Every structure is written in C-alpha cells, then in structure tokens.
2 protein chains.
Amino acid sequence: MGKKVGLTLDNVIDVAATIADRDGLEAASLRAVADELGIKTPSLYNHVAGLAGLRRELALHAARQMSEVVAEAAGSDTPEEILRRTARSYRRFALDHPGLYSALLPAPKPGEDDDLYAAMAAPVTTLADTLVAAGVDEQQTTHLIRTLRAVVHGFIDLEMKDGFGMPEEVDVSFERSVDLVIEGVLSGAK
Amino acid sequence: MGKKVGLTLDNVIDVAATIADRDGLEAASLRAVADELGIKTPSLYNHVAGLAGLRRELALHAARQMSEVVAEAAGSDTPEEILRRTARSYRRFALDHPGLYSALLPAPKPGEDDDLYAAMAAPVTTLADTLVAAGVDEQQTTHLIRTLRAVVHGFIDLEMKDGFGMPEEVDVSFERSVDLVIEGVLSGAK
DNA sequence: TGACACTGACTAACGGCATTAGTTATAGTG
DNA sequence: CACTATAACTAATGCCGTTAGTCAGTGTCA
C-alpha cells in the first residue's frame, strides 16, 4: 500500500489547526487528522507524541502566531493605543482561530515544558515592557497585567462560549471594557 | 444480581459533582459515576440522558448553587460593596467547585433549554438590578455587566488553568482587578 | 553499484468510553 | 394476587487512543 507519503510535522499541525478552528479543538482527534492526511492513525506517532503531543504542538503553533500578532500591535504611538491595539489583535486572533486559542490553555507549569512556556510568555512580556515604558510602577505591573489579561481573556471566552445573551453590540462592549481597564490601569498607578 | 438499588437523580448528580470537583469535569464520565454508585454504565440512562444529559444536570446544579451564593452577597449596604462581595463569592465558588464551574460553560442558546438558560441568567439578572438600583443608566448596564463578567470570569479561568506565572498574591490581584472595574463602572456612567 | 540501516508507512490487537437493544427481576398498584 | 412500570442487567457496536510488530521505499557509504 501507500508508503512514504512525504509527510512533515508542519503538515500535520496545519491540518490539525484547520480542523480545530473549523469544528473545535475536541474534533481535532488523531483519527480525524489522519483521515484528512490520508494515512492511518498509528502513523501519526512518527510525527507527534500521541494526542497530548499534538495538542502541545498546536499550543506552540498558536503561541507563536499570537506572539506575532501582538508584536505587530506594539508599533503604535501612545501606550494607550498600544494596549488597545494589542487587546483588539488578541481578540481578533481568538475569533479567527477559536480552536488554536483553546489550545493555548492550560499553560504548562514553569519547569515542565520550557519551549512552550517561553512561547506563551512572550506576549505577556511584551505587554509588561510596554507598561513599564509607560511609567507604570514596576511593582504594580504584575497586578495590572493580570487585570488586562483577565478582561480580555474573560471577554473572549464568554463570547466564544456564547455566555452573552444579546448577540449585538458585542464589539462595542469589548471596546468599552478594554478602555475602562486601560484607563484605570494607566491613571490609577502611574 | 443487584436490582433496585434505589437510586435517585440527586444521587447521581451528587456523585458526578464530587468527582468533577475532585478530578476535573472530564473525569466525571458515565463509567466513573456508575462505578462510584456501584452500578453498570447503561443503568445510568434510566436517570440521565447520556453524558450530555449528565453535563446538563451538572450545569443546572451549578447554576442553582451559584444563584444562591450570589443572592447572599446582594445583602450589603453600598452598591460598591454588593458588587465586590458578589465578585468574591463568585470566585470562591469557582475555586471550591472547579468541576461544577467548568460545567457552567458553554451556555445554551436562548431557545434551546429554557430551564437551564433561566437558571444561568439568574445571577446576571441580580447584578443588573443592583446596577440599575445604584443609578446606572439602564442603556449602559449591558456593557457594564459584560465588563464585570469578563474580569471575574477571565480571572478565575486564568487562575484555574494556571495562566498566571507567579503563584503569590493572586488574591490581591483579584481584589485590585475587581476594584478597578467597579470604580470605573460606577463612576464612568452613573 | 550494491548492501544496509533508517525512516515512515502499515496491520493487528487491546482497553476505555458512550451508546443502543433487548432481558429480567423487583416494587408498587389495581 | 396478578399486572404493569421501573430500574437494574447483559450483550454488542463503534469511536478513539495507544502499543507492538512488520515491511517497503529512501538515502548513504564502502
């Protein structure tokens, strides 16, 4: 039968990411990915360490893309604008790639998977630098970043899982949520 | 063999909730619940509509408990204090019952499961009433509640999935996040 | 060029889980 | 006391992940 199809890890990840974004992370099973690639499930083990490995690769893939997206947003004028654009980009990525975004949680423990941990920490680090550069007290940044992350992630998660009743004006709500927090963060402890 | 063990729906839910809170929602499988109850998996179908049905019952159970918890917090003096206590109670419930809290998402679509929808809407409705009573413009409450829910849920979700790097002072961060948002919400558009 | 190891596909088999269909004994009701 | 509904059961199917063992094509090196 078919031998040496010439499959690469990137190939596997791309297919898995597509399925995850289309049908949800759960749907990106080894079976589904293998079928889509035209191979049998066990053959995937030559590229990926089982389902857990596939999930890990997806998380890494997502973290890298997210880092790029967030890095692009860092090229603005004022700190407010940087934070606003970062938040918007973050949400846009999540809505465009719900499967990949889901793969981003849970995070690994600090000592457990250094590569993944570093990749996931990158956007947060960028944000931290921005805040410090804006004159925010370094002691406070930890708390402030947590607030920002909480608002943005919470909003996205509720939005994706349909936790909001009325479907309209969600964009407006997001803008207001982000503005409110940014304002509070930058004025409160400068 | 053993017949008529005298099992009730509440029994099933209690066991499932215990497993979910101890080992995670995923671990509350039909198999695990049946084993714990001393019956075989198919027998559960006499009490619950499969795994989806069990999850639905867990969500309903969680929503009712959450409503109680939130309702208790509504008995404070100032609107600020009500909101603060509500946020704290919400988080405490999530940390005490991580499995049940997970079952609370995703929410059903408005027309899909009216009982569950109503149960899950109750805490939000309580909050909305509180805000309006505090003099917040009714037009704005939708946005404001979304902000509050986003911060609280986002914080909890990141906390539970270990999305925060440093383990210490998470309580402090939560208080600051909530205070910041409450302040902004109540002062911004009163 | 030809032997040879490596790679990456395969088949076979197992175990966990959810689900459905069909069976049977118990418990409550007339 | 018979009858019916209930709530347990067994048996069987299918999906999924995983492991072990097999085998053919690919590239390398003497």
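Residue numbering restarts at 1 for every chain, and letters A, B, ... go by the order of the sequence lines. Scope of the values below: all heavy atoms of this structure, side chains included, with no hydrogens, waters or symmetry mates. Note that the coordinates shown come from a computational prediction; the quantities given were computed from them, not determined experimentally.
Contact annotation: H47(B) side-chain N/O to dT6(D) OP1/OP2 distance is not under 4.0 Å. Contact annotation: K40(A) does not reach the phosphate of dA9(C) (side-chain N/O to OP1 or OP2, under 4.0 Å). For the pair S43(B) and dC9(D), the criterion of a side-chain N or O lying under 4.0 Å from OP1 or OP2 is met.
Legend: salt bridge (charged side-chain N to carboxylate O under 4.0 Å, His left out) pairs involving residues 172-182 of chain A, not counting sequence neighbours, sorted by first then second residue: R84(A)-D179(A), R88(A)-E175(A).
A salt bridge does not link R149(B) with D157(A): none of the charged nitrogens is closer than 4.0 Å to a carboxylate oxygen.
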Which atom pairs, donor and acceptor, lie under 3.5 Å between side-chain atoms of residues 94-106 of chain A and protein residues at least two apart or in another chain?
residue: H97(A); atom: ND1; partner: D21(A); partner atom: OD2; Å: 2.9
residue: Y101(A); atom: OH; partner: H153(A); partner atom: ND1; Å: 2.8
residue: S102(A); atom: OG; partner: P98(A); partner atom: O; Å: 2.8

In residues 56-73 of chain A, what donor-acceptor pairs under 3.5 Å come from side-chain atoms, sequence neighbours left out?
residue: R56(A); atom: NE; partner: D113(A); partner atom: OD2; Å: 2.7
residue: R56(A); atom: NH2; partner: D113(A); partner atom: OD1; Å: 3.0
residue: R56(A); atom: NH2; partner: D113(A); partner atom: OD2; Å: 3.4
residue: H61(A); atom: NE2; partner: Q65(A); partner atom: OE1; Å: 2.9
residue: S67(A); atom: OG; partner: A63(A); partner atom: O; Å: 3.0

Result block: side-chain N/O donor-acceptor pairs under 3.5 angstrom for residues 22-36 of chain B, not counting sequence neighbours:
residue: S29(B); atom: OG; partner: A32(B); partner atom: N; Å: 3.1
residue: R31(B); atom: NH1; partner: D35(B); partner atom: OD2; Å: 3.4

Which side-chain N or O atoms in residues 38-51 of chain A pair as donor and acceptor under 3.5 Å with protein atoms at least two apart or in another chain?
residue: S43(A); atom: OG; partner: K40(A); partner atom: O; Å: 3.4
residue: N46(A); atom: ND2; partner: S43(A); partner atom: O; Å: 3.4

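Minimum atom distance to the side chain of Y45(A) is reached by dG17(D), of the listed dC9(D), dG17(D), dA9(C).
The CG-P distance, from L37(A) to dC10(C), rounds to 10 Å in whole Å. Straight-line distance from the CD1 atom of I39(B) to the P atom of dC9(D): 6 Å, rounded to whole Å. Whole-Å rounding puts the L9(A) CG to dG8(C) P distance at 11 Å. As rounded to whole Å, 15 Å separates atom C1' of dT20(C) from atom CG of L44(B). Separating the CG atom of N46(A) from the C1' atom of dG8(C) is a distance of 5 Å, rounded to the nearest angstrom.
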What are the atom names and distances for every N/O pair under 3.5 Å that joins the protein to nucleotides 11-16 of chain D?
none

